Amino acid sequence: MASGGANYRNGTQRNSLKGTTTATDRQLSMNSNPSKAALKNKSLSSVGASSGLRKSSPGSLGGGTAKDDAGVPGRVRVAVRLRPRNAEESVADADFADCVELQPEFKRLKLRKNNWDTDTYEFDEVLTEFASQKRVYEVVAKPVVESVLDGYNGTVMAYGQTGTGKTYTLGRLGEEDTADRGIIVRAMEDILAGVSLESDSVSVSYLQLYMESLQDLLDPTNDNISIVEDPKSGDVSLPGATLVEIRDQQSFLELLQLGEAHRYAANTRLNTESSRSHALLMVHVKRSVKGRELAHSSQNGNSTNIAKSLRPTLVRKGKLVVVDLAGSERIDKSGSEGHTLEEAKSINLSLIALGKCINALAENSAHVPVRDSKLTRLLRDSFGGTARTSLVITIGPSPRHRGETTSTIMFGQRAMKVENMLKLKEEFDYKSLARKLDIQLDKLIMEHERKQKAFEEEIERITTDTQNQISEAERNYADAMEKERLKYQKDYMESIKKLEEKWMMNQHKLGERKDQMASTAQEVAELKKLLSKETSLRKAAEEEINNLKSQLAQLKMSEASANSESLKLRKMLEDEAYRKEKLEGEISMLQTQLLQLSFEADETRRRLDRGGPGKVPGDLDSLISQVRPQVNDSVNEEKASIANLFEQVGLQKILSLLEAEDADVRIHAVKVVANLAAEESNQQKIVEAGGLTSLLLLLGSSEDETIHRVAAGAIANLAMNETNQELIMSEGGIRLLSITAANAEDPQTLRMVAGAIANLCGNDKLQNKLRGEGGIKALLGMVKCGHPDVLAQVARGIANFAKCESRASAQGSKTGRSLLIEDGALPWIVQNANNDASPIRRHIELAVCHLAQHEVNARDMITGGALWELVRISQDCSREDIRTLAHRTLTSSPTFLAELRRLRIDY
């Protein structure tokens, strides 16, 4: 809690111009029928298309470097608003004219220095004392709000002397008259109207910076919030601040009233309720962009139908920051004392720090003092950053405050020079995609379990029905067989009984009726017929029994087929289980693909590094074979004489002659050592005997041009060995070679020095040390000679250095831009990429290809014109291996392809 003159505001909307400012409120709320012209904002699309690749301003409040992703330049927009005279000024300044004269139609303001002299200033918008709150919102804040809804960061800030209407302009709630609503309330109305609460979200934090202490207005107990800065992106976050999600306008108004009740204010001579803290309202808007196709989904040719049907939601995140700065004040005018005086000092110090940062940005200073105040740290994205910023400066008409009015106007003028680089904040909602995948997986599992349960129930039903049918058939068959057997058995017994009875009767009558023998024989014949008939009936019964047996066999076959069908159904069940496992594997593979997206660029880059060097044309081999015998005959004689001298005199004696006082002796001695060094078998002996150290000492101590030329040639021969290269570097050889190159005028001497440095450029371990000791600058300094042999050696050194850098980048041991580009070698490379001399052109073409393989160099190569040379190399280069390397590099670089598409070049 503040003591002394400071006190908390009450919970109702605060009128920043109470008491003596009642008339001011009435005049500010009057409708002046302003013109419908708003601030002249550049179209984002037109600026991006016409400006090409544009860099951001040299500095920002964050002090960080620009990111690789392209932005849209946007200057800070500044509007000036004049407060009408209050009751006190109407009486005290009745005999004096206003110190300012507004010309809104010309967007100009005239500041009276005295009765006869004025200064004129131009702003993006000039708002008179009769401008309505709606007019102020439309020209100052509405374009910023629309950018926030499109996914950009935006800032609306009020700056001015205490009592000039900053809080009235920004924070008026308009409870009594809706026309008095300030920028904050109107901005939230437009934001809520522009989002869908079903898929989008709006959240708010309300803070105050009081006495360099960042406090939460929504939670007064949280009075020391820390500021966290991302070391990579430079973004500022407040993890300890309360973040409240807004669903409707009424809840937002209640939140503003709660925050205003906890804000510090005090009564001064200039303002009855002067703000003693800087208020910051942060509105976070998260919008989902629908109907957007994912580019990478169409590139995966092996993705499943499920993966193709799923598309991650594109989310745009914008942040609106509304800053109500505490007014600057002079102690002698405000009458502050005690604790109020300490508050005024803190306010003025933070405003001074903000002014220094604005001055540094306006002057394109290399250093921006952002850490002088927490206010400048919080506003690092608003000035010189990525936010679209609109500033309204408020001034009063009283001539008594001409100095404060002048200071406010000059602040606005400097702020208009600050250039921001607007960047779209959008990302794919992979969490939503993961949730969608989980839901679909649960549905598939449930559907599979349901089908499996139904399948098992169907199998059980078919098995039960089959068993019932078999049991019923067996019972029916047994009953039918039993009935048939009993029936035929009964008929047979009855027939036998009848026959026996008849036979008995015939036997009984035989004695009595001998005369009836003939008739009896006839009856026997009939009985035989009946017996045969009974036999046929029995056969028919047996056939019926056989038919029943065949039916039983068919029933058993039906049972076997049912068992086979059951086995097939079980096989189908196993197939369903296998498809389930395969489906789960595909889903797992899809999730794995989401995790591996960040490694695809590295894999592509490693694949590009696998290409081998091209073959030397056969014509060149044949030409060398024709010339070599002629050259060898003349050289062998000189080598034989040198070898004889080496054997007769001894290496130590020859090396001691390098220190002779006679210049001619030294020259002859160094020539002998150079010729010996040309043979690979002698190099190790020369180094072990101290010959390399002697050559380096001679190169540094002698002023003779011939000694310099021959010694540099000997060092170049020794530098072809990797161990000798490290020894040369450790003994300061690159420094001596650089000094020799700077002082030499003979092209042959420069050729020897350039050849030695070029050999050292091919060592991966010596890259940073060679560059640190001036090796690259020495190579570039020798190009002014213009001799083709010197230029060829310079080009070879640059090609070797670029190749080592490319290899280190592919292996992950090097990050950042090429050291060649940082030392300014790119313009010369581009200039000589199409040189008429074949050796120079071949080495430069290789250097261009190696530089282009590292994606971080792409922007510099596009700016420097190397992209056109890379395209030419891929089409017109005489060597197929270099042409193939250039083509592969172009097609694998997203930056180069995007630039070619922007220039409408089909490649």
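If you're wondering where the values come from, they're calculated on a predicted model, not measured in any experiment.
When all heavy atoms are compared, the tightest approach of Pro369 to Thr376 is O-OG1, 4.4 Å. Contact record, Pro827 with Gly824: CD-O, 3.4 Å, taken as the closest heavy-atom pair. Glu855 approaches Ser893 most closely through the heavy-atom pair OE1-OG, 3.0 Å. Of all heavy-atom pairs between Leu779 and Ala754, the closest is CD2-O, 4.2 Å. Between Ala866 and Leu826, the closest heavy-atom pair is CB-CD1, 4.2 Å. For Val710 against Lys671, the heavy-atom pair with the smallest separation is CG1-CA, 3.6 Å.
You'll find the side chain of Ile840 stays beyond 4.5 Å of the side chain of Val794, heavy atoms only. Residues Asn857 and Ile821 have side chains in contact (heavy-atom distance under 4.5 Å, counting atoms from C-beta outward). Lys803 places none of its side-chain heavy atoms less than 4.5 Å from the side chain of Leu846. Side-chain contact between Leu900 and Leu867 is present, with heavy atoms from C-beta onward closer than 4.5 Å. At a threshold of 4.5 Å between non-hydrogen side-chain atoms, the residues Leu676 and Ile686 count as touching. A 4.5 Å side-chain heavy-atom check between Thr749 and Thr706 finds every atom pair outside the cut-off. Side-chain contact between Glu805 and Leu851: present, with at least one pair of heavy atoms (C-beta onward) separated by less than 4.5 Å. Between His850 and Phe801 there is no side-chain heavy-atom pair separated by less than 4.5 Å.
Other residues, nucleotides and ligands place no more than 12 heavy atoms under 6.0 Å from the CD atom of Glu880.
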Step by step, would you call Leu870 with Leu890 a side chain to side chain contact (heavy atoms under 4.5 Å, CB included)? CA-CA 8 Å; Leu870 192 61; Leu890 275 173; 3.6 Å; yes
For the pair Thr386 and Leu422, evaluate side chain to side chain contact (heavy atoms under 4.5 Å, CB included) and give the outcome as yes or no after the intermediate values. CA-CA 4 Å; Thr386 63; Leu422 311 183; over 6 Å; no
Mind running salt bridge (charged side-chain N to carboxylate O under 4.0 Å, His left out) on Arg771 and Glu822 for me, showing each step along the way? CA-CA 10 Å; Arg771 186 252 185 157; Glu822 291 183 357; 3.2 Å; yes
Test side chain to side chain donor-acceptor pair (under 3.5 Å) on Ser809 and Gln853 and set out the steps. CA-CA 9 Å; Ser809 300; Gln853 285 183 330; over 6 Å; no
Report the C-alpha distance between Glu726 and Lys769 in whole Å, list the side-chain angles of each, state the deciding distance to 0.1 Å, and finish with yes or no for salt bridge (charged side-chain N to carboxylate O under 4.0 Å, His left out). CA-CA 10 Å; Glu726 297 178 357; Lys769 188 173 181 180; over 6 Å; no
If you apply the rule side chain to side chain contact (heavy atoms under 4.5 Å, CB included), what do you find for Glu229 with Arg371, and how did you get there? CA-CA 12 Å; Glu229 301 177 9; Arg371 297 193 174 275; 2.7 Å; yes
Could you go through His787 and Gln793, starting from their C-alpha distance and side-chain angles, then the distance that decides it, and tell me whether this counts as side chain to side chain contact (heavy atoms under 4.5 Å, CB included)? CA-CA 10 Å; His787 195 278; Gln793 294 299 326; over 6 Å; no
Would you check, one step at a time, whether the test salt bridge (charged side-chain N to carboxylate O under 4.0 Å, His left out) holds for Glu845 with Arg842? CA-CA 5 Å; Glu845 287 174 346; Arg842 177 170 56 84; over 6 Å; no
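Interatomic distance, CZ of Arg751 versus SG of Cys785, reported as 11.5 Å (0.5 Å rounding). To the nearest 0.5 Å, atom CZ of residue Arg709 and atom CG of residue Asp704 are 8.5 Å apart. Annotation: the span from Leu903 atom CG to Trp868 atom CH2 amounts to 5.0 Å, rounded to 0.5 Å. How far CH2 of Trp828 is from CG of Leu780: 8.0 Å, rounded to the nearest 0.5 Å. With values rounded to the nearest 0.5 angstrom, Arg75 atom CZ is found 10.5 Å from Asn420 atom CG. Here the CZ-OG distance, from Arg883 to Ser874, works out to 9.0 Å after rounding to the nearest 0.5 Å.
A side-chain donor-acceptor contact under 3.5 Å links Glu705 to the backbone of Asp746. Of the possible polar contacts, one joining the Asn759 side chain to the Ala716 backbone as a donor-acceptor pair under 3.5 Å is found. Side-chain atoms of Asn721 come within 3.5 Å of backbone atoms of Thr723 as a donor-acceptor pair (strictly under, hydrogens ignored). Distance alone, capped at 3.5 Å, is enough to place a donor-acceptor pair between the Thr889 side chain and the Leu885 backbone. Using a distance-only test at 3.5 Å, with no hydrogens or angles considered, a donor-acceptor pair links the side chain of His708 to the main chain of Ser702. The main-chain N or O of Ala758 is found under 3.5 Å from a side-chain atom of Asn800 such that the two form a donor-acceptor pair.
A salt bridge is defined here as a Lys NZ or Arg NE, NH1 or NH2 lying under 4.0 Å from an Asp or Glu carboxylate O, and Arg902 with Glu899 meets this definition.
Applying side chain to side chain contact (heavy atoms under 4.5 Å, CB included) to Leu695 and the options Leu736, Ile715, Ile707, Ile728 leaves one that passes, Ile715.
A donor and an acceptor atom, one from each side chain of Asn832 and Asn835, are located under 3.5 Å apart.
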